Amino acid sequence: VQLQASGGGLVQAGGSLRLSCATSGRTFSGHSVGWFRQAPGKEREFVAVINWSGGNTITAGSVKGRFAIDKDNAKSTVHLQMNSLKPEDTAAYFCAARVGGALSSQYLYDYWGQGTQVTVSS
C-alpha cells in the first residue's frame, strides 16, 4: 500500500487545516488508516485512526474535540480535519496503514507515507 499525505501548511493559532492521505493502486479495504505526528526532538505520537470497513475511530485525548478523522470511499482517501489549532500541534504529520482493526500503536502499522508539515504560529 502506497500512501500519499498532503494538506499541511502554516496556520495561525485557532485556525484549521485538513490533511489528506490517499492510496494509489489499491483501496484501503481491510485496512485501518492512522495519523501520527512528530515534533522536533520528540517521539512520534498517535493522533487518530479509522477502520476503513467498519468506520470506527480512535482519537488521542490531546486532540479530541478539535481533530476528527473521516474517509472518502469514492476517492480512497482518509482525512484529518484539524480545528482550533495550537502551537503545540506543530509537527510533521504522517499517515500509516495496517491490515486489520484500528489501533493506536505505531509499531503495529506496516505502511507509512511521507510526512506533511503542519506549523501553527502563535
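For reference, positions follow the sequence shown, starting with 1. It should be emphasised that the depicted structure is a prediction, and the values quoted were computed from it without experimental measurement.
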Which value, rounded to the nearest 0.5 Å, describes the distance between R44 atom CZ and Y107 atom OH? 8.0 Å

In Å, rounded to the nearest 0.5 Å, how long is the span from CD of E88 to OG of S122? 10.0 Å

Quick one: closest heavy-atom pair of G101 and N51, and the distance? CA-ND2, 3.9 Å

Polar side-chain atom of T23 near backbone of Q2 as donor-acceptor pair, under 3.5 Å: yes

Shortest non-hydrogen contact between Q114 and L3, atoms and distance: OE1-O, 3.7 Å

Set out, in order, the CA-CA distance, both residues' side-chain angles and the distance that settles side-chain contact (heavy atoms from CB on, under 4.5 Å) for V63 and M82, then state yes or no. CA-CA 9 Å; V63 303; M82 305 187 296; over 6 Å; no

Does F94 share a hydrophobic cluster with I69, counting links as ILVMFWY side-chain heavy atoms below 4.5 Å and allowing steps through other members? no

Single-linkage hydrophobic cluster, 4.5 Å side-chain cutoff, Y93 and V78 together: yes

I need the minimum non-hydrogen distance between Q106 and W112, along with the two atoms involved. O-CZ2, 3.6 Å

How far apart are the closest heavy atoms of A48 and L80, and which atoms are they? CB-CD1, 4.2 Å

For a side-chain contact (heavy atoms from CB on, under 4.5 Å) check, start with the C-alpha distance between Y111 and H31, then their side-chain angles and the critical distance, and finish with the verdict. CA-CA 10 Å; Y111 310 99; H31 291 74; 4.2 Å; yes

Decide whether L19 and I58 are clustered together by the hydrophobic rule: side chain heavy atoms of Ile, Leu, Val, Met, Phe, Trp, Tyr closer than 4.5 Å, transitively. no

Run the side-chain contact (heavy atoms from CB on, under 4.5 Å) check on K71 and F28 step by step: do they pass? CA-CA 10 Å; K71 61 186 178 76; F28 283 128; over 6 Å; no

In short, S16 meets S84 closest at the heavy-atom pair OG-N, 4.3 Å

To the nearest 0.5 Å, how far apart are OG1 in T116 and CD in Q4? 9.0 Å

Look at the side-chain heavy atoms of Ile, Leu, Val, Met, Phe, Trp and Tyr, link any pair under 4.5 Å apart, and say whether W35 and Y109 land in one connected group. no

For L10, is there any backbone N or O sitting under 3.5 Å from a side-chain donor or acceptor partner on T119? no

Can Q117 and T90 be said to form a side-chain contact (heavy atoms from CB on, under 4.5 Å), step by step? CA-CA 8 Å; Q117 180 67 35; T90 295; 4.0 Å; yes

Measuring from D72:CG to C21:SG, what's the distance to the nearest 0.5 Å? 12.5 Å

Applying the 4.5 Å side-chain criterion to the ILVMFWY set and letting contacts propagate, would V47 and W52 be lumped into a single cluster? yes

State the NZ-CG distance between K75 and N73, to the nearest 0.5 angstrom. 12.0 Å

So which heavy atom on T77 is nearest to which on A22, and how close? OG1-CB, 3.9 Å

Would you call the rings of F36 and F46 parallel, tilted or perpendicular, taking 30° and 60° as the class edges? perpendicular

